[in-house]
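To start, the structure under review is shown below, and the notes come after it.
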Amino acid sequence: MTQIIFLPHEELCPQGAVINAAAGITICDAALENGIPIEHACEKSCACTTCHVIVREGYDSLEPAEETEEDLLDKAWGLEPESRLSCQAIVADDDLVVEIPKYTINMVSEQR
């Protein structure tokens, strides 16, 4: 099992979280399965940027982003070189440290 450390996020996981995830699952699915309600407005179809995360450690263990993901990431709030869409970033064998940005661009969010 791979360990994913989610850094504290004011709303989604104020204390941060340490979870175990099987290789082959996406970061988004691992978060959701462990009670971290990361946004995923497009239902994980790589059509928005609401599940944007920054992989602070372990980034190189992930498969490279495909062109569609790269194009979408250009529109993400707070883009950094280690940014990924969590619905597309598949966990490998190396542990990860993940930061969920404070803001997301979601024009259809029903959360207020």
Side-chain angles (χ1 to χ4, degrees):
M1 293 292 258
T2 301
Q3 187 176 75
I4 305 175
I5 299 169
F6 285 91
L7 298 176
H9 182 279
E10 186 176 314
E11 296 173 10
L12 303 180
C13 55
Q15 305 302 317
V18 178
I19 65 172
N20 291 312
I25 191 172
T26 65
I27 293 173
C28 185
D29 284 335
L32 293 171
E33 288 178 7
N34 286 275
I36 302 169
I38 191 167
E39 279 196 69
H40 52 289
C42 71
E43 295 302 317
K44 304 179 273 184
S45 65
C46 195
C48 73
T49 63
T50 59
C51 71
H52 167 231
V53 296
I54 303 161
V55 182
R56 295 290 180 199
E57 292 181 25
Y59 180 84
D60 291 335
S61 70
L62 303 172
E63 289 292 320
E66 292 186 9
E67 186 175 345
T68 303
E69 180 183 357
E70 291 284 354
D71 290 345
L72 285 167
L73 281 168
D74 287 340
K75 301 171 187 173
W77 184 90
L79 182 67
E80 294 194 18
E82 295 81 22
S83 287
R84 290 296 302 266
L85 297 181
S86 66
C87 71
Q88 300 300 303
I90 298 173
V91 174
D93 293 324
D94 292 353
D95 293 345
L96 303 172
V97 175
V98 175
E99 178 180 353
I100 302 170
K102 183 174 183 174
Y103 300 107
T104 183
I105 299 171
N106 185 354
M107 301 301 185
V108 296
S109 179
E110 295 179 14
Q111 298 177 12
R112 301 257 185 255

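We count residues from 1, following the sequence as given.
Taking all atoms of both residues into account, the shortest heavy-atom contact from Ala30 to Ile4 is CB-CD1, 4.0 Å. The shortest heavy-atom contact between Thr2 and Asp94 is CG2-O, 3.0 Å. Minimum interatomic distance between Ile36 and Ala17 (heavy atoms only, all atoms of both residues): CD1-CB, 3.8 Å. Residues Cys28 and His40 approach most closely at SG-CB, 4.2 Å, considering heavy atoms. When all heavy atoms of Val98 and Val53 are compared, the closest pair comes out as CG1-CB, 3.7 Å. Scanning both residues, Pro8 and Pro14, for their nearest heavy atoms gives CB-O, 3.4 Å.
Glu67 contributes atom CD, which lies 11.0 Å from atom CG of Leu72 (distance to the nearest 0.5 angstrom). Distance check, rounded to the nearest 0.5 Å: CG of Leu32 to OG of Ser86 gives 7.5 Å. Atoms CD and NE2, from Gln15 and His9 in turn, are 14.0 Å apart once rounded to the nearest 0.5 Å. Cys51 contributes atom SG, which lies 11.0 Å from atom CD of Glu43 (distance to the nearest 0.5 angstrom). Atom CG in Leu73 sits 6.0 Å away from atom CG in Leu79 (nearest 0.5 Å).
Considering only residues two or more places apart in sequence or on other chains, Asp95 meets the salt bridge (Lys or Arg N to Asp or Glu O under 4.0 Å) condition with none of them.
Annotation: side chain to side chain donor-acceptor pair (under 3.5 Å) contacts involving residues 22-32, sequence neighbours excluded, comprise Thr26-Asp29, Asp29-Lys44. Applying the side chain to side chain donor-acceptor pair (under 3.5 Å) test to residues at least two apart or on different chains, the pairs with a partner in residues 51-64 are His52-Ser83, Arg56-Glu80, Arg56-Glu99.
For the pair Ile27/Ile38, no side-chain contact is recorded, criterion being any heavy-atom separation below 4.5 Å from C-beta on. Considering only heavy atoms from C-beta on, Glu66 stays 4.5 Å or farther from Gln88 through its side chain.
Put simply, Ile25 and Ile100 are part of the same group of oily side chains (I, L, V, M, F, W, Y) that touch within less than 4.5 Å, one to the next. Cluster annotation: Ile54 is not connected to Leu12 through the hydrophobic network of ILVMFWY side chains, with a link wherever side-chain heavy atoms come within less than 4.5 Å. Under the 4.5 Å side-chain heavy-atom criterion for grouping Ile, Leu, Val, Met, Phe, Trp and Tyr, Val55 is not connected to Val97 through any hydrophobic cluster.
Applying the 6.0 Å contact sphere to CG of Asp74 captures more than 12 heavy atoms from other residues, nucleotides or ligands.
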